[in-house]
Enquirer: 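Attaching a single structure in structure tokens format; questions to follow.
Small disclaimer: the values here were computed from a predicted structure and weren't measured.
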Amino acid sequence: MRVAFAAALVLMACQANESRAPLPASARSDVTIRISGGTYTPSSVQVQKGQPVRLHFTRDEKPTCGDELVFPALDIKRKVEVNKLTTVEITPQQRGELEFTCGMSMMKGKIVVQ
Ligand SMILES: [Cu+2]
């Protein structure tokens, strides 16, 4: 009974990690974000204030939508080519949320700075 309950908890934790839950705010400095089906996966990434983070964007399809990557608040615009990594390195200096979007602001993701 106890074992089954623990196993269920572990399973739930795994599922949460793989869906929309923000990544844990560990000492992670590299995050890969996949652009597919009109969404960013993960769409939310937690980082620590002052900690450099490299965001590697990868796109595995050819919609025109995801081919431009914009960080409005940081004045960053990058092209994202199919099957190539586009890396953006940032060191957030204040807590809060940093949004990133496609060229037309339809797809949205965010960096949560703690
Ligand atoms: Cu778009």
Side-chain angles (χ1 to χ4, degrees):
M1 190 64 184
R2 218 170 242 272
V3 173
F5 183 63
L9 273 184
V10 168
L11 195 61
M12 280 166 58
C14 285
Q15 284 170 345
N17 271 341
E18 282 167 11
S19 61
R20 296 300 168 93
L23 293 172
S26 57
R28 181 191 301 270
S29 61
D30 287 88
V31 180
T32 298
I33 299 175
R34 200 160 58 90
I35 302 171
S36 181
T39 59
Y40 295 107
T41 307
S43 60
S44 177
V45 177
Q46 282 185 26
V47 302
Q48 298 291 328
K49 176 183 149 187
Q51 177 191 313
V53 59
R54 281 187 296 267
L55 306 165
H56 307 286
F57 289 84
T58 171
R59 184 160 74 89
D60 62 2
E61 55 185 39
K62 296 183 182 175
T64 52
C65 195
D67 67 353
E68 193 170 30
L69 172 69
V70 184
F71 285 75
L74 301 177
D75 207 19
I76 292 175
K77 269 189 194 175
R78 301 288 292 275
K79 279 282 172 208
V80 182
E81 312 242 357
V82 172
N83 292 328
K84 273 189 183 177
L85 281 184
T86 297
T87 300
V88 174
E89 181 161 353
I90 58 175
T91 305
Q93 299 298 338
Q94 46 187 326
R95 292 189 173 84
E97 294 186 354
L98 280 173
E99 190 180 63
F100 53 88
T101 73
C102 69
M104 295 181 298
S105 256
M106 290 149 33
M107 296 164 55
K108 289 179 195 288
K110 64 185 176 183
I111 310 300
V112 181
V113 186
Q114 296 182 322

Enquirer: Could you give the distance from CD (Q114) to CD (Q48), rounded to the nearest 0.5 Å?
Expert: 6.0 Å
Enquirer: Would you indicate whether the side-chain heavy atoms of D67 and K79 approach each other to under 4.5 Å?
Expert: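 They are in side-chain contact.
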Enquirer: If you measure from CD on E68 to OG1 on T101, what distance do you get to the nearest 0.5 Å?
Expert: 8.5 Å
Enquirer: Is any side-chain heavy atom of S44 closer than 4.5 Å to one of V112?
Expert: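 V112 vs S44: side chains touch.
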Enquirer: Any link between L74 and L69 through a network of hydrophobic side chains (Ile, Leu, Val, Met, Phe, Trp, Tyr) touching at under 4.5 Å?
Expert: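 Result: yes, single cluster for both.
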Enquirer: I need the minimum non-hydrogen distance between I35 and V80, along with the two atoms involved.
Expert: CD1-CG1, 4.1 Å
Enquirer: Taking all non-hydrogen atoms of both residues into account, name the closest pair between C65 and M106 and its distance.
Expert: SG-CE, 3.3 Å
Enquirer: To the nearest 0.5 Å, tell me how far K49 NZ sits from Q94 CD.
Expert: 8.5 Å
Enquirer: Going by heavy atoms in the side chains, are V31 and I111 under 4.5 Å from each other?
Expert: no
Enquirer: In terms of hydrophobic clustering (I, L, V, M, F, W, Y; side-chain heavy atoms under 4.5 Å; direct or indirect links), are V70 and L98 co-clustered?
Expert: no
Enquirer: Can you name the closest pair of heavy atoms from G66 and C102 and give their distance?
Expert: CA-CB, 4.5 Å
Enquirer: Apply side chain to side chain contact (heavy atoms under 4.5 Å, CB included) to the pair F57 and T87, showing each step before the final yes or no.
Expert: CA-CA 6 Å; F57 289 84; T87 300; over 6 Å; no
Enquirer: Mind running side chain to side chain contact (heavy atoms under 4.5 Å, CB included) on I90 and I76 for me, showing each step along the way?
Expert: CA-CA 10 Å; I90 58 175; I76 292 175; 4.3 Å; yes
Enquirer: Parallel, tilted or perpendicular: which describes the rings of F100 and F71, with under 30° parallel and over 60° perpendicular?
Expert: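 Correct class here is tilted.
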Enquirer: From T41 OG1 over to I33 CD1, what is the distance, rounded to the nearest 0.5 angstrom?
Expert: 9.5 Å
Enquirer: Taking everything shown except K77 itself, do over 12 heavy atoms lie less than 6.0 Å from its NZ?
Expert: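 Open: at most 12 neighbouring heavy atoms sit under 6.0 Å from NZ of K77.
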Enquirer: For residues E89 and P52, report the shortest heavy-atom separation together with the two atoms involved.
Expert: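 Looks like OE2-CB, 4.0 Å.
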Enquirer: For residues L85 and H56, report the shortest heavy-atom separation together with the two atoms involved.
Expert: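 That would be CD2-CB, 3.9 Å.
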Enquirer: Do you know the tightest heavy-atom contact between T32 and P42?
Expert: O-CD, 3.6 Å
Enquirer: To the nearest 0.5 angstrom, please state how far the CG atom of D30 sits from the CZ atom of R54.
Expert: 4.0 Å
Enquirer: Measure the spacing between NZ of K110 and OG of S43 and express it to the nearest 0.5 Å.
Expert: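 Going from NZ on K110 over to OG on S43, the span is 7.5 Å.
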